[in-house]
Novice: 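The following block contains the structure, expressed as structure tokens.
Nothing fancy with the numbering, it's 1 onward along the sequence. This is a predicted model, so every value here is computed, not measured. What's counted below: heavy atoms across the whole structure, side chains too, no hydrogens, waters or symmetry copies.
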Amino acid sequence: MTLQPVIVIMEKLLALHEGLLQLAVKKTDIVKSGDAKDLQQLTKEENKYVKAIGQLEQERLTLTANLGTGATISELIEKATNSEADKLLVLKDKLTHVIKQLQERNELNEGLLQQSLQFIQVTLNFINPEPTSVTYEKAATGKKPATPTRSMFDSKA
């Protein structure tokens with residue numbers, strides 16, 4: 001059985017993940033600069049990559065199911081010829097490395113975005129502080145108020 005179609009899909013997946021990593025690097029610079037419009041545009045591009053990766057992964061799963069092999073790359077390597085196994089192993093290593101870099105970059109971006117949101121929150125609190133009470137209030141002593149409570153019915157007839 002030939003695994004060439006799976007290898008082609010794996011190469012496409014690697015290319016898409018590398019493109020997504022490049023976008024993540026750009027995102028770091030955009031978050032640092034604070035440009036919301038560029039960040040929104042970049043997020044749209046990222047969504048396109050994620051959608052394409054999902055479609056390719058679905059194709060790979062369908063293809064491996066049709067071949068009667070397992071869905072994991074390791075299972076494919078066991079059933080492949082030597083040259084195909086070598087190609088799959090190299091692709092697996094590269095893809096694993098790129099995904100790890102992507103994960104690290106996404107964690108960095110998440111931290112930067114959290115810091116930006118905290119800064120915005122502090123700035124908003126500084127500009128528009130919590131309203132304070134402008135009337136005089138006695139400290140609560142645990143006693144009931146001196147004003148009597150009224151019932152719904154007037155008992156005087």
Side-chain angles (χ1 to χ4, degrees), residues 3 5-66 69-78 80 85-150:
L3 296 177
V6 176
I7 292 171
V8 170
I9 289 176
M10 294 296 297
E11 289 170 344
K12 289 179 183 178
L13 280 171
L14 179 63
L16 286 174
H17 278 88
E18 287 172 343
L20 197 57
L21 179 61
Q22 290 174 356
L23 288 178
V25 171
K26 279 185 188 178
K27 183 187 268 188
T28 302
D29 296 335
I30 291 172
V31 170
K32 286 178 182 177
S33 70
D35 191 352
K37 192 173 187 177
D38 285 346
L39 183 62
Q40 186 178 15
Q41 182 65 30
L42 188 83
T43 303
K44 288 179 184 178
E45 288 180 46
E46 281 181 332
N47 286 337
K48 290 176 186 177
Y49 273 86
V50 170
K51 187 176 179 181
I53 289 170
Q55 288 174 345
L56 276 176
E57 182 63 19
Q58 200 59 36
E59 285 180 37
R60 186 188 69 81
L61 290 173
T62 303
L63 189 59
T64 55
N66 290 341
T69 60
T72 66
I73 297 174
S74 300
E75 292 174 3
L76 289 173
I77 290 172
E78 290 174 7
D86 291 340
K87 287 179 185 178
L88 283 172
L89 191 59
V90 169
L91 285 170
K92 175 187 171 192
D93 291 340
K94 286 182 180 180
L95 192 58
T96 303
H97 180 69
V98 169
I99 290 173
K100 184 174 173 118
Q101 285 180 321
L102 185 60
Q103 185 178 18
E104 290 169 358
R105 183 57 70 154
N106 282 338
E107 288 172 1
L108 172 66
N109 288 341
E110 181 182 4
L112 290 172
L113 286 171
Q114 286 289 26
Q115 287 177 353
S116 296
L117 288 174
Q118 287 173 350
F119 177 75
I120 290 169
Q121 187 64 40
V122 167
T123 305
L124 285 175
N125 287 342
F126 182 71
I127 292 172
N128 189 16
E130 278 294 312
T132 56
S133 179
V134 292
T135 60
Y136 174 75
E137 293 179 12
K138 276 189 169 181
T141 58
K143 296 182 180 179
K144 287 189 174 184
T147 58
T149 58
R150 295 186 71 163

Novice: If you look at every heavy atom in Leu63 and Ile9, which pair is closest and at what distance?
Specialist: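 Nearest heavy atoms, Leu63 then Ile9: CD2-CD1, 4.0 Å.
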
Novice: Taking side chain as C-beta onward, heavy atoms only, is Leu113 less than 4.5 Å from Leu39?
Specialist: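 A side-chain contact exists here, since the closest heavy-atom pair is under 4.5 Å.
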
Novice: Rounded to the nearest 0.5 Å, what's the gap from CG on Leu112 to CG on Leu117? Could you check?
Specialist: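 Between Leu112 CG and Leu117 CG, I get 11.0 Å after rounding to 0.5 Å.
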
Novice: Give the intermediate values and the outcome of side chain to side chain contact (heavy atoms under 4.5 Å, CB included) for residues Glu59 and Leu56.
Specialist: CA-CA 5 Å; Glu59 285 180 37; Leu56 276 176; 4.1 Å; yes

Novice: Would Glu104 and Leu108 count as a side chain to side chain contact (heavy atoms under 4.5 Å, CB included) here? Give the steps.
Specialist: CA-CA 6 Å; Glu104 290 169 358; Leu108 172 66; over 6 Å; no

Novice: Enter the distance from Asp29:CG to Asp35:CG here, rounded to the nearest 0.5 Å.
Specialist: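 Going from the CG atom of Asp29 to the CG atom of Asp35 covers 12.0 Å.
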
Novice: Is any side-chain heavy atom of Leu124 less than 4.5 Å from a side-chain heavy atom of Ile120?
Specialist: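 In short, these two side chains touch, coming nearer than 4.5 Å.
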
Novice: Between the side chain of His97 and the main-chain N/O of Asp93, is any donor-acceptor distance below 3.5 Å?
Specialist: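 Flag not set: sc His97 to bb Asp93 has no pair under 3.5 Å.
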
Novice: With rounding to the nearest 0.5 Å, note down the distance linking CZ in Arg105 to CG in Leu102.
Specialist: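 Going from the CZ atom of Arg105 to the CG atom of Leu102 covers 10.0 Å.
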
Novice: Please examine the side chains of Leu88 and Lys92, heavy atoms only from C-beta on, and report whether any two atoms are closer than 4.5 Å.
Specialist: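 Lys92 vs Leu88: side chains apart.
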
Novice: Quick check for you: to the nearest 0.5 Å, what is the distance between Leu23 atom CG and Leu42 atom CG?
Specialist: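 Reported to 0.5 Å precision, the distance equals 5.0 Å.
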
Novice: For Leu76 and Leu3, work out which heavy atoms get closest and say how close.
Specialist: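 So the minimum-distance heavy-atom pair works out to O-CD1, 3.6 Å.
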
Novice: Could you note down all residue pairs passing side-chain hydrogen bond (donor to acceptor under 3.5 Å, both in side chains) where residues 111-123 supplies at least one of them, sequence neighbours left out?
Specialist: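 Listed once each, the pairs are Gln121-Asn125.
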
Novice: Surrounding CD of Glu110 (heavy atoms of other residues, nucleotides or ligands, distance under 6.0 Å), is the total greater than 12?
Specialist: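 Not more than 12 within 6.0 Å, no.
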
Novice: What's the separation between atom CD1 in Ile73 and atom CG in Leu95, rounded to the nearest 0.5 Å?
Specialist: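 The distance works out to 6.0 Å.
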
Novice: Find out whether Leu21 and His17 are in side-chain contact, i.e. whether some heavy atom of one side chain is under 4.5 Å from a heavy atom of the other.
Specialist: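 SC-SC contact between Leu21 and His17 ruled out.
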
Novice: Among residues two or more places apart or on two chains, list those pairs meeting side-chain hydrogen bond (donor to acceptor under 3.5 Å, both in side chains) that have a residue in residues 37-51.
Specialist: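 Residue pairs with at least one partner in residues 37-51: Lys27-Glu46.
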
Novice: About how many Å separate CE of Met10 and NZ of Lys87, when rounded to the nearest 0.5 Å?
Specialist: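 Here the interatomic distance stands at 13.5 Å.
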
Novice: Considering all heavy atoms of both residues, which atom of Ala80 and which atom of Ala85 are nearest to each other, and what is their separation?
Specialist: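 Residues Ala80 and Ala85, closest heavy atoms: CB-N, 3.8 Å.
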
Novice: Please give me the minimum heavy-atom distance between Val98 and Leu14, naming the atom from each residue.
Specialist: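 For Val98 and Leu14, the tightest heavy-atom pair comes out as CG2-CD1, 4.0 Å.
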
